[in-house]
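Reading through the structure tokens given below for one structure.
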Amino acid sequence: MNKQYDDYQVIPYPKLRRLLAVMLRALQRKPMMHFLLEVDVTRARQYIREYKATTGERLSFTAFLIACVAKAVDENKAVQAYRKGRKHLVLFDEVDVETQIERDVAGEKQNITYIVRAANRKTFQAIHHEIRAAQVEDVAKARVGSKALRWLLFLPTLLFRFLYGMRGPHVLKKYGGTGGTAALGMFEDGSGWVIPIGHPQTLMMTVGGIGVKPGVVDGHVAIREYLSLTISFDHEIIDGAPAARFTKRLKDLIEGGYGLIEQEGPELRKLS
């Protein structure tokens, strides 16, 4: 219930935000390891622009990044491992990538969580069409797409805190995927990194801004577009060396236009 006073008002603190606060406090105790890097996305973004000019269709840059993450994880499943008790790790075959899709809800912009299931077994085009479909899905259906969310909102906060502490690998995979992505900086021009507070997954890719500056290509200086990325790992599960190798592989995939420039459609072949 809103209460209006002479110089301020008191409004309800949404139940969903209260549950998220419980989750964030728990996640802040995780020993996170962050890699901040710049990735040359000139080739991929130029390709997306040329494809749109040729076909009229705007390819999803988020889908491209998800395809690259899924490929890199598929080659090293350890980076998406979940703890099972104190003595075991669970390595899932499927790479389920969580992402955020911004939608208009009651006249306001809100993020809706979406999980691309088995992204390592899908082409870029399949992921692209899946995300585009999710962006126009009925908002009411999208918001309650997780049955867990509907009943969690009715739980007392203390009970939710207890149940959240009891979560297991399969529950985490079902409701949070095995890897996460967040595009917090892609709505502004200019480079810049974002370091996430915490996340339930062992692996998280946070997308920052894109800056334009000189770079060296084949021994020559040229203007390039660089994407700021933060790759985060749970240090309880992943050591620095394998995390660095994974990050290097992901960078190579993005800069090489994995899945995007390799498509076999006739429109894409003309631009290769």
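Here the structure is a predicted model, which is why all the values come from computation and not from measurement.
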Starting from the C-alpha separation in whole Å, work towards a yes-or-no answer on ring pair (Phe, Tyr, Trp, His ring centres under 6.0 Å) for Tyr82 and His170. CA-CA 9 Å; Tyr82 277 130; His170 289 82; 9.4 Å; no
Take Phe233 and Phe35, measure what ring pair (Phe, Tyr, Trp, His ring centres under 6.0 Å) needs, and give me the verdict at the end. CA-CA 9 Å; Phe233 303 87; Phe35 288 72; 5.7 Å; yes
Between Glu75 and Arg249, does any side-chain N to carboxylate O distance fall below 4.0 Å? yes
Quick one: do Lys173 and Glu98 make a salt bridge, cutoff under 4.0 Å? no
Any idea how Tyr5 and Tyr8 line up, ring-wise: parallel (<30°), tilted (30 to 60°), or perpendicular (>60°)? parallel
Would a distance-only check, ignoring hydrogens and angles, find a side-chain to backbone donor-acceptor pair under 3.5 Å from His128 to Ser60? yes
About how many Å separate CZ of Phe124 and CG of Leu65, when rounded to the nearest 0.5 Å? 10.0 Å
Could Glu255 and Arg43 be called an ion pair, given the rule that one side-chain N must be under 4.0 Å from one carboxylate O? no
Salt bridge or not for Arg83 and Glu236, using N-O below 4.0 Å? yes
Hey, is Glu225 close enough to Arg49 for a salt bridge, meaning N to O under 4.0 Å? yes
Lys/Arg-Asp/Glu bridge criterion (N-O < 4.0 Å) met for Asp74, Lys77: yes
Rounded to the nearest 0.5 Å, how far does OG1 of Thr247 lie from CG of Leu229? 9.5 Å
Do Thr99 and Thr181 have a side chain donor and acceptor closer than 3.5 Å? yes
Answer yes or no: is there a donor N or O on one side and an acceptor on the other, between the side chain of Thr230 and the main chain of Leu36, under 3.5 Å? no
Indicate whether any N or O donor in one side chain lies under 3.5 Å from an N or O acceptor in the other, for Glu130 and Tyr114. yes
How would you list, by chain and number, every residue that makes a salt bridge (charged side-chain N to carboxylate O under 4.0 Å, His left out) with Asp234, sequence neighbours excluded? Lys30
Between Ser228 and Trp193, is there a donor-acceptor pair closer than 3.5 Å when you use the side chain of the first and the backbone of the second? no
